[in-house]
Participant: 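Mind having a look at this structure? Questions to follow.
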Amino acid sequence: MKSYRMYINGEWVESCRGTYFPVHDPSTEEIIAEVPDANAQDVDRAVAAARAAFDSGPWSQSTAQDRGRLLFRLAQKVRDETPRLAELESRNCGKPIVESEYDMADVATCFEYYGGLATKVLGHVNPVPANALSLSLREPVGVAGQIIPWNYPLLMAAWKLAPALAAGCACVLKPAEQTPLTALEMAQWFEEVGLPPGVVNIITGFGETAGAPLVQHPQVNKIAFTGSAAVGKQIVKMAADTVKRVTLELGGKSPNIFFADADFEAAIDGALFGVFINQGEVCSAGSRILVERTIYSRFLEAMTEKAGRIKLGPPLERETKMGPLVSKEQYERVNSYVEIGKKEAKLAIGGSRPASPARGYYVAPTIFYDVDNSARIAREEIFGPVAAVIPFNNETEAIRLANDTPYGLAAAVWSRDIFKVFRVVKALRAGVVWVNHMQPTYVEAPWGGYKQSGFGRELGPWGIEEYLETKQVHINLDEQPIGWY
Ligand code: NAI
Ligand code: MG
């Protein structure tokens, strides 16, 4: 078992209280590491370090080119160390190793993208009706508190850190308590790639004791959060007292809509991939599968047959297509929804723990059908391998069902009819819409939700906007100004 320290002001430190908490491997249920249990005092230390770095340290004098190059160096480190990072990620969160390797490539690409974007942040000349030069300057928002979940641990760290650093912010990052390890490993390279002390601080701790004090801290200018809707709502309230900028990505109950004219084989695969990738622990999971009535029974049968062939197993085995859920807590939570589902709908497959592997927080791919859209398994985010299949009769009903949810992160539509596809795309109230696919995500394109899936956008040029303020500068060019008095 490895004992980690956390990273504050360029140093590896214990928590003020000197206490630690365990980190598990969900495939063996064993403890693999311990990390410091940070509290409000530790948050104070980290925020003070970030504040100093932002207000007066070398970071405040850094150029966009400096920051861009630094992000490229960090990306290269991640690429060089991918085998080790991917293995640790899979051991800690349970996702199949092949998926972790994709994640590491995406981490590096994210740092590269924002490394390039750092030098493309442009101001503006405002065409004011005066003998003056009016400018809009873009400036970093200041100290950013970043709170991330456990489903894509290092990728979520990259989505938060990369745009913030490109913009010139200083950061306090709090990984999820379940999965802090890869972010701590990455911090070992911060000094080497040229990050001055205090620019990125990583505190390990729990939501209420380390996350909440960060959100409430008067010296923090912005909070970026990805996680549950319940915590997102608390964050908006907590941030109100200090009028922090807040961006939220809160998951959803995304519809994956299949019309009868879709390519059948691609559709079956897309339905399963949409909801079972990463064990279903995906904010944009296509957890409501809407199927046109004329293909409904054939679709269900084919889906069920193929789901039965998904290979569950230890995350580090390369043939594994589904690993364990991240934690005992999540395993119990998902199973409680499975029990609810058994009362609300019909079960096509799954619904229990698989016989093998014998240990670990595994849940078999589970498909409920004839689900009413008002059922709890159709309304609440389950965040596990549990699909709700819902029939529809026509396009109007498909759109109505798809939008009948408090969430609006993502949606997908499958059809060969371009007119129908675009009508549906325009009608869907969601921040990300896929056509004849579900889940591919690119750093170049905006990511974020409508409705209760949150607000603000990550990735692309939108992502850096959330870390920038706009300063209006008016320069009088009239040598004899008005003389009003
Ligand atoms: P959570 O929302 O409690 O945790 C996410 C992050 O927020 C973690 O870093 C956690 O420490 C922090 N946090 C928790 N309470 C906080 C508070 N009061 N103040 C500040 N930070 C706080 O998510 P949890 O409990 O791990 O999972 C519960 C459900 O949330 C899942 O079943 C899933 O439905 C949803 N979820 C959605 C995610 C998404 O990507 N949208 C990611 C993770 C969970
Ligand atoms: Mg929680």
Side-chain angles (χ1 to χ4, degrees), residues 21 23-24 26 35 37-40 43 93-95 103 145-153 155-157 159-160 172-180 183 202-217 220 223-239 244 246-254 275 277-285 287 325-338 340 361 363 376-377 379-386 405-410 431-432 439 441 447-449 451-456 458:
F21 64 89
V23 177
H24 294 86
V35 296
D37 187 1
N39 68 5
V43 171
C93 77
K95 75 171 69 195
D103 288 2
Q146 304 174 315
I147 300 174
I148 57 173
W150 40 258
N151 54 341
Y152 290 87
L155 187 57
M156 289 300 103
W159 282 25
K160 299 284 184 276
V172 178
L173 176 80
K174 194 199 83 62
E177 54 271 28
Q178 298 85 350
T179 56
I202 300 182
I203 53 167
T204 51
F206 291 84
E208 283 182 9
T209 43
L214 184 60
V215 178
Q216 290 162 325
H217 204 291
V220 173
I223 291 290
F225 172 77
T226 299
S228 63
V231 173
K233 288 172 192 180
Q234 289 177 37
I235 284 179
V236 174
K237 288 180 192 151
M238 284 192 282
K244 284 190 178 60
V246 176
T247 47
L248 301 174
E249 203 268 72
L250 306 178
K253 198 73 197 178
S254 299
V275 64
I277 187 76
N278 204 44
Q279 300 78 239
E281 296 167 320
V282 180
C283 47
S284 55
S287 50
L325 300 187
V326 71
S327 64
K328 186 160 189 282
E329 188 189 356
Q330 193 62 13
Y331 173 81
E332 284 167 359
R333 190 187 161 82
V334 170
N335 278 317
S336 77
Y337 275 108
V338 170
I340 292 168
Y361 305 125
V363 174
R376 284 187 64 191
I377 59 164
R379 298 204 82 75
E380 297 172 26
E381 184 173 57
I382 299 175
F383 229 65
V386 181
T405 168
Y407 292 109
L409 181 59
V432 182
Q439 300 311 351
T441 300
W447 184 267
K451 300 198 276 183
Q452 291 189 32
S453 290
F455 45 77
E458 300 190 271

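We count ligands from 1, going down the list as the structure has it; atoms in each ligand are counted the same way. Bear in mind that the values here come from a model prediction, so they are computed numbers and not experimental data. Here, residue 1 is the first one in the sequence, and each next residue gets the next number.
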Participant: Under a 4.0 Å heavy-atom limit, does I148 contact ligand 1 with its side chain, its backbone, both, or neither?
Facilitator: backbone

Participant: Would you mind listing which atoms of ligand 1 come within a distance below 4.0 Å of any non-hydrogen atom of E177?
Facilitator: 8 (C), 10 (C), 11 (O)

Participant: Are any of the N/O atoms in E329 less than 3.5 Å from those in ligand 1?
Facilitator: no

Participant: May I ask which of C283, A285, G252 has a heavy atom nearer to atom 40 (O) of ligand 1 than the others do?
Facilitator: C283

Participant: May I ask whether F225 has any heavy atom positioned less than 4.0 angstrom from an atom of ligand 1?
Facilitator: yes

Participant: By number and element, which atoms of ligand 1 are closer than 4.0 Å to a non-hydrogen atom of N151?
Facilitator: 40 (O)

Participant: Answer with yes or no whether the side chains of K160 and T226 bring together a donor and an acceptor at under 3.5 Å.
Facilitator: yes

Participant: So, is G227 polar-close to ligand 1, with some N/O to N/O distance under 3.5 Å?
Facilitator: yes

Participant: Check for me whether E380 has a heavy atom closer than 4.0 Å to any atom of ligand 1.
Facilitator: no

Participant: What I want to check is whether the side chains of Y337 and E380 have a donor and an acceptor closer together than 3.5 Å.
Facilitator: yes

Participant: Is the shortest distance from a heavy atom of M156 to ligand 1 less than 4.0 Å?
Facilitator: no

Participant: Any side-chain donor-acceptor pair under 3.5 Å between S284 and Q439?
Facilitator: yes

